[in-house]
Amino acid sequence: MAGGAAKYRHLSRKSSHRQALLRNLVTSLFKHESITTTWPKAKEAQRLAEKLITLGKKNTEASRRRALSVFYTPHEILPKLFGPLRERYAERPGGYTRVLRVEPKKDDQAPSAILELVDGPKDVRFAMTARTVARQRAQGLETLNELTTLNVRKVTRFRKGGVEELEQAIKRLEIDQKKGPTTHKGEKEVESKQ
């Protein structure tokens, strides 16, 4: 049947190349907890990453062997998958990864995205929510709007100590705002006199 619905994105590659690409993306994701790639690749890698975290939560010998066959550097990543990541997502029923669309970074203007593990140190939505709450508090608004309240609930729901961690991030941002604008090296910005 020509033009039928595909079960996965072929990514313009033959099967072996596609599997190697996805294995490499997932290995990098678990190593760095956040990667930037094209949007279709991120969506396909997300499917594989979700399955691997589910294997990590099962923590059986069969799931270890299955995960061992996927990663390129399994001896670095398996202890992380069956250790801290398993504990982080123990209470979460699903949705361990997030794909965020970003501006195209390549010359060909391909749609780009960030693929990240949620509730981790590099969680973009958590940082954006903390920044939004800090900005609203600086403006004197004590009650949050509906969207910000929803985002606060989402980023703190399954994170251990999520509310306290969010408040600490907001306090850090408030302290940074009081110090004034800084350059990328952390030094105070000095106006040049001409």
Side-chain angles (χ1 to χ4, degrees), residues 1-129 150-151 154-160 162 165:
M1 181 171 158
K7 293 185 180 179
Y8 55 88
R9 292 172 181 85
H10 296 273
L11 302 174
S12 300
R13 288 164 172 79
K14 61 184 183 177
S15 180
S16 59
H17 187 187
R18 180 182 173 281
Q19 288 174 346
L21 170 79
L22 293 177
R23 287 177 64 194
N24 192 12
L25 285 172
V26 169
T27 301
S28 296
L29 174 65
F30 282 101
K31 186 174 184 182
H32 302 290
E33 298 208 8
S34 178
I35 58 172
T36 303
T37 184
T38 62
W39 187 79
K41 289 178 190 175
K43 290 301 282 184
E44 283 301 305
Q46 181 183 28
R47 292 175 62 189
L48 183 58
E50 296 273 342
K51 290 175 185 176
L52 286 169
I53 292 174
T54 303
L55 288 174
K57 285 175 65 174
K58 287 181 182 175
N59 197 22
T60 62
E61 190 60 35
S63 63
R64 284 182 183 272
R65 276 196 219 106
R66 174 72 180 104
L68 184 72
S69 69
V70 172
F71 294 120
Y72 275 124
T73 56
H75 300 296
E76 293 176 20
I77 306 220
L78 279 181
K80 185 175 184 179
L81 175 62
F82 288 95
L85 292 179
R86 180 173 162 254
E87 294 167 8
R88 184 192 303 174
Y89 299 125
E91 301 299 318
R92 185 179 277 269
Y96 315 113
T97 58
R98 180 182 298 131
V99 176
L100 300 167
R101 285 185 184 255
V102 293
E103 288 291 319
K105 290 188 172 30
K106 296 184 177 180
D107 294 335
D108 62 358
Q109 293 296 305
S112 297
I114 296 172
L115 175 62
E116 65 181 4
L117 297 174
V118 298
D119 295 341
K122 295 183 179 182
D123 193 344
V124 175
R125 180 179 275 174
F126 184 82
M128 288 172 51
T129 303
L150 179 68
N151 282 332
K154 282 182 179 180
V155 299
T156 59
R157 183 174 176 193
F158 293 109
R159 187 183 284 253
K160 292 181 182 172
E165 199 172 326

Taken in chain and number order and not counting sequence neighbours, the residues that satisfy side chain to side chain contact (heavy atoms under 4.5 Å, CB included) with D108 are K106, A110
Going by the rule side chain to side chain donor-acceptor pair (under 3.5 Å), which residues pair with E50 if we only count those two or more places apart in sequence or in a different chain?
T97
ring-ring contact (aromatic ring centres under 6.0 Å, His included): which pairs involve residues 30-52, sequence neighbours left out?
F30-F71
List in chain and number order the residues that pass side chain to side chain contact (heavy atoms under 4.5 Å, CB included) with R66, two or more places apart in sequence or in another chain; answer none if no residue qualifies.
L55, S69, V70
Summary of ring-ring contact (aromatic ring centres under 6.0 Å, His included) pairs that have at least one residue in residues 88-120, sequence neighbours excluded
Y89-Y96
Tell me, which pairs form a side chain to side chain donor-acceptor pair (under 3.5 Å) where one or both residues lie in residues 109-125, sequence neighbours left out?
R92-D119, R98-E116, R98-D123, D123-R159
Restricting to side chain to side chain donor-acceptor pair (under 3.5 Å), what partner residues turn up for K58, sequence neighbours left out?
none
Could you list all the salt bridge (charged side-chain N to carboxylate O under 4.0 Å, His left out) pairs where at least one residue sits in residues 77-90, not counting sequence neighbours?
E33-K80, E33-R88
Show me the donor-acceptor pairs within less than 3.5 Å that the side chains of residues 9-17 make with the rest of the protein, sequence neighbours left out.
from	atom 1	to	atom 2	distance (Å)
R9	NH1	E44	OE2	3.1
R13	NH1	L11	O	2.6

Using modelled atom types only, decide if a donor and an acceptor are shared between the side chain of T73 and the backbone of E76 within a distance under 3.5 Å.
no
Using the rule given for side chain to side chain contact (heavy atoms under 4.5 Å, CB included), can you reason through I114 versus S34, listing the C-alpha separation, both sets of side-chain angles and the distance that settles it, and then say yes or no?
CA-CA 7 Å; I114 296 172; S34 178; 3.5 Å; yes
Applying side chain to side chain contact (heavy atoms under 4.5 Å, CB included) to E61 and not counting sequence neighbours gives R64, R65
